[in-house]
Amino acid sequence: MKILVTGGAGFIGSNFVLYMLQEHPTYDIINVDALTYAGNLENLKSIESNIRHTFIQADIADVQQMENIFAQGIDVVVNFAAESHVDRSILSPDVFVRTNVMGTQVLLDAAKKYQITKFLQVSTDEVYGSLGPTGLFTEETPLMPNSPYSASKAGGDLLVRAYHETFGLPVNITRCSNNYGPFQFPEKLIPLIIARALNNEAIPVYGDGLNIRDWLYVEDHCRAIDLVMHQGRSGEVYNIGGNNERTNIHIVETVLEQLGKPASLIQYVQDRLGHDRRYGIDPTKLQTELGWKPVHHFETGIKETINWYLNHQDWMARVQSGAYQDDVKLQYGKQVGDSDV
Ligand code: NAD
Ligand code: TYD
């Protein structure tokens with residue numbers, strides 16, 4: 001089986017590539033990533049010489065580049081490639097629409113033309129909007145995205161659905177809650193806390209710190225995608241989450257405590273615009289249909305994650321200094337985003 005993984009140099013995509021190569025010794029992976037600021041080839045260092053993994057720097061919104069890749073023969077597409085940070089989407093929505101909506105449409109066209117056997121769209125619970133104090137997101141919850149990020153992800157999801165309904169393309173959409181684990185870019189809450197706390201810098205907590213996210217260890221997400229890819233009923237949406245809701249302030253306090261850093265580093269700052277109050281996933285469909293359940297509990301998962309960052313301070317330092325993109329410049333020439341490209 002030849003799997004096209006897009007966005008496989010990012011946080012979840014790189015964890016997925018490593019997971020799949022280990023779990024499925026006969027599969028080949030074509031890993032396509034534009035290497036934006038969020039793409040980091042150092043995440044894939046351990047498989048540098050693995051001949052079952054081929055990395056191609058390309059943009060999913062580029063029709064010709066995608067055409068060339070699909071023409072090599074692809075069985076399954078798993079689409080992680082996205083602009084993924086809500087705060088950035090508030091500042092620059094345009095690139096979110098380009099990658100998350102138009103890029104998805106380019107991939108869908110190629111998938112249709114080359115008759116792939118499954119297109120799996122990796123989406124997010126954020127497309128459902130924000131919950132009040134009770135209730136959970138099910139697959140039937142109406143889409144009510146509030147940020148340009150979640151709106152662009154919802155746009156991508158609706159195109160995936162439409163290609164199934166109109167053209168019979170075999171698809172699945174997964175909608176997972178917030179992930180944590182190794183290789184997460186330190187703009188996201190948990191690695192941001194770790195990076196800043198290790199430097200004794202203030203930890204910015206938006207608003208009252210009581211917004212709730214439903215946290216899942218990244219490997220449990222990868223296992224769910226693997227299951228849906230193989231056994232998901234075509235056309236179906238599957239929510240992914242581990243029933244693990246925590247307030248942001250609880251997350252901050254937990255991480256600071258484990259790092260032995262003082263709570264005085266916490267600094268309440270102005271709230272994020274349109275800040276969703278609460279996310280909570282009902283994963284019953286995935287559990288009952290496909291037998292999935294999370295392996296990692298938050299208490300152990302967060303300890304392992306903190307230890308990973310403590311043991312990989314070189315990785316963090318190279319991300320923070322920008323050095324992680326140097327090798328790419330040498331290997332692949334100019335960067336996407338370079339002013340004179
Ligand atoms: P990330 O930002 O760490 O990685 C995204 C990757 O996509 C990067 O490697 C980037 O270079 C690549 N990319 C961006 N634009 C591209 C383009 N035009 N063409 C090719 N590659 C491009 O994101 P992540 O946190 O790993 O999220 C991966 C996917 O999972 C996203 O689709 C996101 O919406 C979804 N998701 C994330 C979470 C989470 O908590 N991080 C939760 C649920 C769903
Ligand atoms: P984030 O990791 O950006 O994920 P998302 O917005 O996709 O859920 O943020 C998680 C939560 O933490 C969210 O409620 C915003 C909050 N947050 C802070 O309070 N401070 C920060 O510096 C960041 C990055 C996030």
Side-chain angles (χ1 to χ4, degrees), residues 5-16 31-41 43-44 56-62 65-66 78-90 95-96 98-100 102-104 106-107 121-127 130 146-147 149-150 152-153 156-157 174-181 183-193 195-196 202-216 218 221 225 239-241 246-249 251-252 266-272 274-279 281 325 328 335-337:
V5 174
T6 71
F11 163 46
I12 307 175
S14 60
N15 275 284
F16 182 74
N31 182 352
V32 168
D33 195 298
L35 298 177
T36 68
Y37 79 93
N40 185 347
L41 286 181
N43 300 359
L44 303 165
I56 303 171
Q57 185 177 15
D59 176 355
I60 61 161
D62 184 316
Q65 286 185 332
M66 291 308 111
V78 184
N79 182 27
F80 291 92
E83 289 294 333
S84 67
H85 193 210
V86 173
D87 292 328
R88 286 179 189 256
S89 82
I90 295 167
V95 65
F96 285 72
R98 184 180 181 279
T99 291
N100 301 358
M102 294 165 70
T104 300
V106 169
L107 289 175
Q121 172 76 352
V122 180
S123 189
T124 164
D125 60 353
E126 303 194 25
V127 297
S130 184
N146 293 316
S147 72
Y149 162 65
S150 53
S152 67
K153 289 296 290 185
D157 287 15
T174 57
R175 297 192 177 128
C176 190
S177 56
N178 287 60
N179 284 211
Y180 67 98
F183 299 124
Q184 189 167 28
F185 199 83
E187 64 186 352
K188 305 281 168 57
L189 183 64
I190 289 178
L192 178 138
I193 302 167
R196 293 186 69 91
I203 314 295
V205 174
Y206 301 163
D208 61 7
L210 296 179
N211 299 65
I212 289 172
R213 298 293 182 262
D214 188 355
W215 293 94
L216 187 72
V218 63
H221 186 187
I225 292 172
N239 283 353
I240 308 171
R246 297 282 191 278
T247 60
N248 291 341
I249 192 65
I251 297 286
V252 175
I266 295 170
Q267 191 178 339
Y268 286 92
V269 299
Q270 196 183 357
D271 208 356
R272 172 187 279 172
H275 196 177
D276 287 336
R277 191 64 174 167
R278 175 176 165 247
Y279 302 144
I281 282 274
Q325 294 192 311
V328 178
Q335 279 292 282
V336 172

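Numbering of ligands and ligand atoms starts at 1, following listing order. These numbers come from a predicted model, not from an experiment. The first residue of the sequence shown is numbered 1, and numbering continues consecutively from there.
Protein heavy atom at the shortest distance from atom 16 (C) of ligand 2 is Asn248 ND2, 3.4 Å. Counting only heavy atoms of the protein, atom 6 (O) of ligand 2 lies nearest to Arg272 NH1, 2.5 Å.
Here the CG atom belonging to Leu192 is positioned 10.5 Å from the CD1 atom belonging to Ile190, to the nearest 0.5 angstrom. Note that the CG atom of Asn178 and the CZ atom of Arg246 stand 13.0 Å from one another [nearest 0.5 Å]. Between Ile12 atom CD1 and Gln184 atom CD the span is 7.5 Å, to the nearest 0.5 Å. Annotation: the span from Asn40 atom CG to Leu35 atom CG amounts to 8.5 Å, rounded to 0.5 Å. Atom CG of Asn79 is separated from atom OG1 of Thr6 by 3.5 Å, given to the nearest 0.5 angstrom.
Against a heavy-atom cut-off of under 4.0 Å, Val86 is close to the following atoms of ligand 2: 6 (O), 7 (O). Of all the atoms in ligand 2, the ones that sit under 4.0 Å from a non-hydrogen atom of His85 are 3 (O). Proximity to Pro204 (heavy-atom distance under 4.0 Å) selects the following atoms of ligand 2: 18 (C), 19 (O), 20 (N), 21 (C), 22 (O). Of all the atoms in ligand 2, the ones that sit under 4.0 Å from a non-hydrogen atom of Glu126 are 5 (P), 7 (O), 8 (O). Numbered from 1 in the order shown, with element, the atoms of ligand 2 that lie under 4.0 Å from a heavy atom of Val205 read 19 (O).
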Steps toward side-chain contact (heavy atoms from CB on, under 4.5 Å) verdict (Ile90, His275): CA-CA 11 Å; Ile90 295 167; His275 196 177; over 6 Å; no

Steps toward side-chain contact (heavy atoms from CB on, under 4.5 Å) verdict (Tyr206, Val269): CA-CA 5 Å; Tyr206 301 163; Val269 299; 3.6 Å; yes

Audit row: Met66, Val32, side-chain contact (heavy atoms from CB on, under 4.5 Å) steps and yes/no: CA-CA 9 Å; Met66 291 308 111; Val32 168; 3.9 Å; yes

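Residues passing the ring pair (Phe, Tyr, Trp, His ring centres under 6.0 Å) test with Phe80, sequence neighbours excluded: Phe16. Applying the side-chain contact (heavy atoms from CB on, under 4.5 Å) rule to Ala82 yields the partners Asn100, Lys153; only residues at least two apart in sequence or on another chain are considered. Taking the side-chain contact (heavy atoms from CB on, under 4.5 Å) definition, one finds that Ser14 meets it with Asn43, Leu44, Phe183, sequence neighbours left out.
Under 4.0 angstrom from ligand 2, there are no non-hydrogen atoms of Ile251. Contacts of Glu187 with ligand 2, taken as heavy-atom pairs under 4.0 Å, involve the backbone alone. Residue contacts with ligand 2 for Leu189 involve both N, CA, C or O and side-chain atoms from C-beta outward (heavy atoms, distance under 4.0 Å). When non-hydrogen atoms are compared, ligand 2 lies under 4.0 Å from the side chain of Asn178 (C-beta onward) but not from its backbone.
No side-chain donor from either of Glu83 and Tyr149 sits under 3.5 Å from a side-chain acceptor of the other. Side-chain contact check for Tyr180 and Arg213: no donor-acceptor pair (N or O, by modelled atom type) lies under 3.5 Å.
Residue-to-ligand polar distances place His275 within reach of ligand 2: an N/O pair is separated by less than 3.5 Å. The shortest N or O to N or O distance between Trp215 and ligand 2 is not under 3.5 Å. Considering backbone and side-chain atoms alike, Asp87 places every N or O at 3.5 Å or more from each N or O of ligand 2. The shortest N or O to N or O distance between Tyr279 and ligand 2 is not under 3.5 Å. Taking distance alone, with nitrogen or oxygen atoms compared against 3.5 Å, Lys188 stays at or beyond that limit from ligand 2.
Looking at Arg277 and Asp208, a side-chain N of the basic residue comes within less than 4.0 Å of a carboxylate O on the acidic one, giving a salt bridge.
Evaluated by nearest non-hydrogen atom to atom 25 (C) of ligand 2, the leading choice among Tyr206, Tyr149, Tyr268 is Tyr206.
For ligand 1, the 4.0 Å heavy-atom shell takes in Gly7, Ala9, Gly10, Phe11, Ile12, Asp33, Ala34, Leu35, Thr36, Ala38, Gly39, Ala58, Asp59, Ile60, Phe80, Ala81, Ala82, Ser84, Thr99, Val122, Ser123, Thr124, Tyr149, Lys153, Cys176, Ser177, Asn178, Asn179, ordered by chain and residue number.
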